[in-house]
Amino acid sequence: MTEKDRKRSAGCRAADLVEDGMVIGLGTGSTTAYALERLAARIQDGLRIQGIPTSLQAASLARELAIPLTTLDDYPEPDMAIDGADQVDDRLRLIKGRGAALTREKVVAAASRELVIVADETKLVTTLNAPVPVEVIPFALQPVILGIRSIGGEPVVRVGVRKDGPVITDNGNLILDCSFGSLASPEETEGLLSLMPGVLSCGLFCEFVDKTTVILGGDQGCRVVKR
Ligand code: 5RP
């Protein structure tokens, strides 16, 4: 099985958990895209749902697939959010934000009754150790860089791949990718980062573990992990 196959099987399994009438947070990234494709196929078969996109990417894919969209203004408590992750540990804490959509993803995850994370099984780790994305307002960039260094992180401004200069998020901000090495206490790091003035949010998602289901796509099919 290729990585794409593993992602597709996780995404499809998540889409099959969706029930008629639900309002679903639509995450960002390549694995969630498979869930959206499967949802679109189910809509063709009569499923009625509405989606709340977490990024311009998710909104445009949902429109292409004819998934009806709504907003948190109309539905502030979605039934479920389906989203991807960059790392997951065995306590279901996450690092997210490779797609720079972490702030809206966190808002939708917090608002939703259930969070379903879809990932290729290689994202499961014993200890979270990937760089943590931090969304920061441009005005606060330098003080936030100093603040992150003071708690042991090494921040790097994320730059565009097919654009010169920094990545600008859907909210008009910058991303700092912050290396901390192995995170002994992800909750503490999340708390410290989130409290820095000018930080909008960080890619550590530690507070949703009780409502999180992780679906890991592997060579032998999907593994579903819950607390
Ligand atoms: C975007 C994210 C993505 O959900 C995460 O990066 C996983 O992406 P993919 O499914 O493409 O591996 O957090 O901000």
Side-chain angles (χ1 to χ4, degrees), residues 1-15 24-39 51-62 65 78 80-89 92-112 114-125 128-136 157-161 166-179 186 190 193-194 199-208 212-218 222-223 225:
M1 259 199 173
T2 64
E3 183 188 275
K4 274 188 180 174
D5 294 330
R6 295 193 295 268
K7 288 184 170 189
R8 184 182 296 108
S9 84
C12 289
R13 175 72 77 90
I24 304 292
L26 305 176
T28 300
S30 56
T31 319
T32 313
Y34 291 118
L36 266 60
E37 283 173 12
R38 172 86 187 129
L39 282 174
I52 299 179
T54 56
S55 63
L56 298 179
Q57 183 233 20
S60 106
L61 180 60
L65 293 167
M80 180 190 285
I82 300 177
D83 207 342
D86 303 309
Q87 277 191 335
V88 181
D89 75 3
L92 309 189
R93 298 174 295 190
L94 317 170
I95 293 181
K96 288 183 49 52
R98 179 206 48 78
L102 56 150
T103 299
R104 294 188 194 193
E105 290 174 332
K106 199 175 258 192
V107 169
V108 170
S112 298
E114 262 189 88
L115 176 60
V116 177
I117 294 295
V118 288
D120 160 29
E121 67 178 2
T122 60
K123 306 265 184 90
L124 182 66
V125 295
L128 297 175
N129 61 6
V132 178
V134 173
E135 181 165 1
V136 52
V157 177
R158 190 180 295 182
V159 294
V161 175
V167 166
I168 308 295
T169 70
D170 291 357
N171 310 307
N173 296 310
L174 301 169
I175 296 286
L176 289 169
D177 288 306
C178 306
S179 301
E190 182 177 7
L193 289 170
S194 305
V199 167
L200 203 55
S201 73
C202 79
L204 280 163
F205 284 45
C206 299
E207 56 186 314
F208 309 126
T212 298
T213 302
V214 174
I215 302 179
L216 295 166
C222 285
R223 187 147 65 94
V225 192

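Each ligand, and each atom within it, is numbered from 1 in the order the structure gives. No experiment lies behind these values; they were computed from the predicted model shown. Just so it is clear, the values below take in all heavy atoms, side chains as well, and ignore hydrogens, waters and symmetry mates.
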Novice: For ligand 1, which atoms sit closer than 4.0 Å to a heavy atom of K96?
Specialist: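 Those atoms are 2 (C), 3 (C), 4 (O), 13 (O).
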Novice: Would you mind listing which atoms of ligand 1 come within a distance below 4.0 Å of any non-hydrogen atom of K7?
Specialist: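 The list of qualifying atoms is 9 (P), 11 (O), 12 (O).
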Novice: Does any part of the side chain of L174, heavy atoms only, come nearer than 4.5 Å to the side chain of V167, both counted from C-beta?
Specialist: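 Side-chain contact under 4.5 Å: no.
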Novice: Under the side chain to side chain contact (heavy atoms under 4.5 Å, CB included) test against V214, which residue among L115, V116, V88, D89 passes?
Specialist: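 The side chain to side chain contact (heavy atoms under 4.5 Å, CB included) with V214 is passed solely by V88 among L115, V116, V88, D89.
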Novice: What protein heavy atom sits nearest atom 3 (C) of ligand 1, and how far away is it?
Specialist: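 In this structure, atom 3 (C) of ligand 1 has T28 O, 3.3 Å as its nearest protein heavy atom.
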Novice: List the closest protein heavy-atom neighbour of atom 8 (O) of ligand 1: residue, atom name, distance to the nearest 0.1 Å.
Specialist: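 Among all protein heavy atoms, the one nearest atom 8 (O) of ligand 1 is R98 NH2, 3.2 Å.
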Novice: Within a distance under 4.0 Å of any heavy atom of G97, pick out the atoms of ligand 1 and give their elements.
Specialist: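 Near G97, the atoms of ligand 1 are 2 (C), 13 (O), 14 (O).
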Novice: Considering non-hydrogen atoms only, spot the tightest contact between G203 and L102 and give its length.
Specialist: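 Reported closest heavy-atom pair: N-CD1, 3.4 Å.
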Novice: Compare all side-chain heavy atoms of T122 with those of R6 and state whether any distance is below 4.5 angstrom.
Specialist: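 They are in side-chain contact.
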Novice: So do the side chains of L26 and T32 get within less than 4.5 Å of each other, counting heavy atoms only?
Specialist: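 No, their side chains stay 4.5 Å or more apart.
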Novice: Counting each atom of ligand 1 from 1 as listed, which ones have a heavy atom of E105 under 4.0 Å away?
Specialist: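 Counting atoms of ligand 1 from 1, those under 4.0 Å from E105 are 1 (C), 2 (C), 4 (O), 13 (O), 14 (O).
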Novice: How long is the gap from CG on L124 to CZ on R223, to the nearest 0.5 Å?
Specialist: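 Nearest 0.5 Å value for the CG-CZ distance: 6.0 Å.
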Novice: If you count the atoms of ligand 1 from 1 in the order shown, which ones are under 4.0 Å from a heavy atom of G29?
Specialist: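 Going through ligand 1 atom by atom, the ones under 4.0 Å from G29 are 11 (O).
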Novice: Given side chains that start at C-beta, do those of K96 and T28 come closer than 4.5 Å, heavy atoms only?
Specialist: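 Result no, sub-4.5 Å side-chain heavy-atom pair not found.
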Novice: Between the side chains of K106 and E135, is the shortest nitrogen-to-carboxylate-oxygen separation below 4.0 Å, so that they form an ion pair?
Specialist: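 Salt bridge: no.
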Novice: Decide yes or no for T31 and D120: does some side-chain heavy atom of the first lie under 4.5 Å from some side-chain heavy atom of the second?
Specialist: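 A side-chain contact under 4.5 Å is absent here.
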Novice: In the protein, what heavy atom is nearest to atom 12 (O) of ligand 1, and what distance, to one decimal place, separates them?
Specialist: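 Ranking protein heavy atoms by distance from atom 12 (O) of ligand 1, first comes K123 NZ, 2.8 Å.
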Novice: How does D83 reach ligand 1, by side chain, by backbone, by both or by neither, if only non-hydrogen atoms under 4.0 Å count?
Specialist: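 The part of D83 near ligand 1 is the side chain, not the backbone.
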Novice: What part of P133, side chain, backbone, both or neither, has a heavy atom within less than 4.0 angstrom of ligand 1?
Specialist: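 Contact part for P133 vs ligand 1: neither.
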Novice: Within the 4.0 Å heavy-atom shell around A101, which atoms of ligand 1 are there?
Specialist: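 Here the atoms of ligand 1 in question are 14 (O).
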Novice: When you measure from atom 10 (O) of ligand 1 to every protein heavy atom, which one gives the shortest distance, and what is it?
Specialist: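 Checked against all protein heavy atoms, atom 10 (O) of ligand 1 sits closest to T31 OG1, 2.5 Å.
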Novice: For residues Q57 and D170, is any side-chain donor paired with an opposing acceptor at under 3.5 Å?
Specialist: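 Short answer, no.
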Novice: For ligand 1, note which part of A85 has a heavy atom under 4.0 Å away: side chain, backbone, both or neither.
Specialist: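 For A85, only backbone atoms sit under 4.0 Å from ligand 1.
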Novice: Closer than 4.0 Å to some heavy atom of A100 - which atoms of ligand 1 meet that?
Specialist: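 Near A100, the atoms of ligand 1 are 14 (O).
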Novice: Quick one: look up the protein heavy atom nearest atom 5 (C) of ligand 1 and list residue, atom name and how far away it is.
Specialist: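 Minimum-distance protein heavy atom for atom 5 (C) of ligand 1 reads D86 OD1, 3.2 Å.
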Novice: Please examine the side chains of T169 and L200, heavy atoms only from C-beta on, and report whether any two atoms are closer than 4.5 Å.
Specialist: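 No, every pair of side-chain atoms sits at 4.5 Å or beyond.
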Novice: List every atom of ligand 1 that sits less than 4.0 Å from any heavy atom of G84, numbering the atoms from 1 in the order shown and giving each element.
Specialist: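 Listed by number with element: 4 (O).
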Novice: Give me the residue, atom name and distance of the protein heavy atom closest to atom 11 (O) of ligand 1.
Specialist: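 Looking only at protein heavy atoms, the one closest to atom 11 (O) of ligand 1 is S30 OG, 2.5 Å.
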